[in-house]
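I have placed the structure first, in the form of structure tokens, so that the comments after it can refer back to it.
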Amino acid sequence: MLAYAVDALIFINIYAILALSLNLEAGTARLMNFGKVAFFAIGAYTSALLSLAGYPFPITLAAGALLAGVAGLGVALPAVRLREDYLAIASIAFGEIIRLILLNERWLTNGPVGLRGIPQPLRDAVPDYQLFYLALTTVFMVGTATVLHLLTWSPFGRVLRAIREDELVAQALGKHTFGFKARAFALGSGIAGLAGALFAHYLSFISPDMFMPTVTFAVWTMIVVGGRGSVPGAVAGAGVVVLLERGTRVLKDYTSLGVEPSNLRMVLLGLLLILFLLYRPQGVIREGKYEVD
Amino acid sequence: MEMAQILMNILITGSLYVLMAVGVTMVYRILRFANFAHAELITLGAYVAYSLNRAGMSIYLTLPLAFAASGALGVALERGVFRPLRERGGDAIALMIASIGAGMVVRHVLQQVYSAKVLTYSTPLVSYQVLGARVSQVQVVILLLGVASIVAFHLLLTRTRMGKAMRATSDNPELARASGIPVRRVVLATWVLGGGIAGVAGVLRAADTRLVPTLGWEVLLPVFAVVLLGGIGSFYGAVAAAYLLAAAENLGVLLLGALGMSTGYRYAISFVILILVLLFRPYGIAGQRLGGERE
Amino acid sequence: MSLLVTESLGKSFGGVEALRKVSIEVERGRIVALIGPNGSGKSTLINVISGVYPPDRGRVLFEGRDITGMPPHRVAEMGVVRTFQVPRVFRGMSVVENLMVAAPGREVETVTGSLLKRRQVRGHEAECLRRAEEVMEFLEIHHMRNEYAGSLSGGQQKLLALARALMTKPKLLMLDEPVAGVAPALARKIFEKILELRSRLGFLIIEHNMDVLLDFADYVYVMHRGEIVARGAPEEVLSSRQVLEVYFGE
Ligand SMILES: Nc1ncnc2c1ncn2[C@@H]1O[C@H](COP(=O)(O)OP(=O)(O)O)[C@@H](O)[C@H]1O
Ligand SMILES: [Mg+2]
């Protein structure tokens, strides 16, 4: 029972990091990244492969985040100029291309079978590994949230919000909006890579079918429910979505409801998205407002 | 493979793309958002046909009912989700996210009801030789319906009042509304037609391949590629783009082989084309630039 | 030397020739008005000068430097700042934040700058806020500083747009119908504020109200179908037959 709760909390941490990264891009800067899962996957596979090749965890983790960030910059340079709906479609397509690469480049990724036995940092050195990993992911989650909170309410974040509200006006006030968007996208992608690396080492096994577009949609649900633009909202949204997922599994285990939990979960996520957009578009924790006395 | 067979495959794939793209392109132009739930309009028709087919109905006779079911779902989504969201000030992105949510709901309800198992229809396993290419009976129907729908749509758009209203609305929704066109009815007709034809296409694709809950989702991005390549809102552009994309996919597979790359990348062909279109020609081959915001 | 000079600017949209051989000049310390009926190309001229569209022909010179075709943010950084005909405020941000974001802040508006140069950022923020307070008091919108900009009335949004433009420390301000839809009393007040600012910068203002023009403008250009059809001191231009024809009859 405790193990189950700790496991859920670890997932909340990992998904919260992912949701925080999407919130920076989409919530603060209105960059419609629907290919989030690709950068999560790049972080996961990079860290896992380097780890399997014998590199120590701090290095593989940093490499996963860095490579995802570089990939994010590579996507951003041509793509952030696109109209928002086009960016959304293009980024979904990019995510699917990454998944096809994971499936087909067997020499590197082991194809559909995936990677097994990904080393876990300090596996034999700590008495309760799950609790250790909870502490580790909590540190990263709180760290990410703190950094992004500071950034959101800094001059940089303020320009991102201006771009979200009206990009042409931001330009007319002297802001090089392209540079701001590219940096936000790259940073968000790097953070997603960090989440991916933490995910891979926790499960110790990854395969391409863990990186379907539904992951992106779940993360979108988190920020829509939490409140787009809101840092605490992203964390809360991750909590809601992960607990919902756990809840559907419990329902299956303890009741005779003949519903497949994965179906129930996706139906509920879809309904949450629609209901929040309709009735509470600002989410459970509305984005803060900058005020002075 | 024989050249004739390749050509035939291009025509078959392209005809399915035409049927699937009509609804997306019209909704995108008139309501200004990318409707991801279109995938499930395709899938629903295929499952409705499955139930009827199991009950003994010929797969061809199920087509009108699949049309009705998917058309009705389109209307239900418009009434239950998209119109309320527009009225509450939801923008194109909110509508798009809501369409993803709606798609998730429908897809997984279907998956709950029918399971995720691969299903097949009982169809007559007849095939013909046409100019050196092998064509199954279902594929003949696909080709015929593809041509018929192109002709029918052409006539609808040019000869009927509703069609002209649709064209006027998609050219300029505000102007159409101002000049007394019943935009609301046009929008509903768009959902019925676009959704219904997608449902028919779903049955045909499932009959030609297999039936799974992701049937529509698997072709959604290629369909978006068709819509954008053709120019949003342009029916004739979409027709041309459908066959162009089909050709690119069928010939691209050969190229992959020649390059020694995995044929698993055949799905990537349309994704890459989609991205290239967005980056370099977002207004498509036929469509004009949508009037950008003034200032 | 003139602050702004345009030389024979031409711009077409499809078949519509929105600008034809438009040459104007704005000097520092002057309020130059641009008038003309709807669709005569006034907003297009501001759009071309500010880099929103490149011109098809002609040049834009600012302080003697060729800025033709520069992207909007570069033009703005040089000190040429404009407002829009429909007030475009950052609706989901507070009034004070609308102003602060407009202040030049290249060094601190980076990821690393914002996170690591904390002291420099604090200094920048304090200075920004001080100037924002000043501008808000000057334009009498200080009491609304913590409201969402989107909740302001149309006239208040026009004021906010002007305030925001002032925050950029402009050398030339181009205002596209700054008082359209503003109550007459407030409109005059806005122009009185503009007059107070005049000593330090140049203005190019699109405005229709004859009384306001007579009282505040130093020079007037009249546009019609993309061309400058008259120019001169307001008293002369506004009483000329040509201008009356342009406005009231063909
Ligand atoms: N982005 C644009 N695309 C097409 N036509 C435009 C665009 N902007 C302006 N125009 C056209 O150029 C002409 C001048 O418009 P504008 O400069 O807005 O006039 P004004 O501000 O004097 O009322 C009009 O005929 C208008 O329709
Ligand atoms: Mg104008």
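Numbers restart at 1 for each chain; the letters A, B, ... are given by sequence-line order, proteins then strands. Heavy-atom basis, side chains included; hydrogens, waters and symmetry copies ignored.
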Can you tell which part of [X] gets under 4.5 Å to a heavy atom of chain A, answering side chain, backbone, both or neither?
X       : result
L274(B) : side chain
Y28(B)  : side chain
V106(B) : neither
L221(B) : side chain

I'd like to know which of [options] tops the heavy-atom pair count under 4.5 Å against chain B.
options                           : answer
T221(A), L271(A), L100(A)         : L100(A)
I92(A), L264(A), L272(A), L103(A) : I92(A)
V224(A), L269(A), I101(A)         : I101(A)

Check whether the side chains of [X] and [Y] place a donor and an acceptor atom closer than 3.5 Å, and report yes or no.
X       : Y       : value
E105(A) : T109(A) : no
E40(B)  : Y47(B)  : no
S51(B)  : Y114(B) : yes

Could you tell me which of [options] has the largest number of non-hydrogen atom pairs under 4.5 Å with chain A?
options                           : result
Q112(B), M104(B), M261(B), R88(B) : Q112(B)
L95(B), I93(B), V81(B)            : I93(B)
P213(B), P282(B), A92(B), A102(B) : P282(B)

**Asked** Between F94(A) and F271(B), is the gap from one ring center to the other below 6.0 Å?
**Response** no
**Item:** Near-ring test F36(B)/F224(B), centroid separation under 6.0 angstrom
**Value:** yes
**Fill in**
dist D85(A):CG -> F34(A):CZ (nearest 0.5 Å) comes out at 10.5 Å
**Prompt:** To the nearest 0.5 Å, how far apart are CZ in F185(A) and CG in L87(A)?
**Reply:** 6.0 Å
Heavy-atom proximity to chain B below 4.5 Å, by part of [X]:
X       : answer
R81(A)  : neither
M266(A) : both
P281(A) : neither

**E25(A) and K181(A) ion-paired at < 4.0 Å** = no
**Message:** I'd like to know if R79(B) pairs up with E87(B) as an ion pair, taking the criterion as any Lys NZ or Arg NE/NH1/NH2 lying under 4.0 Å from an Asp or Glu carboxylate oxygen.
**Reply:** no
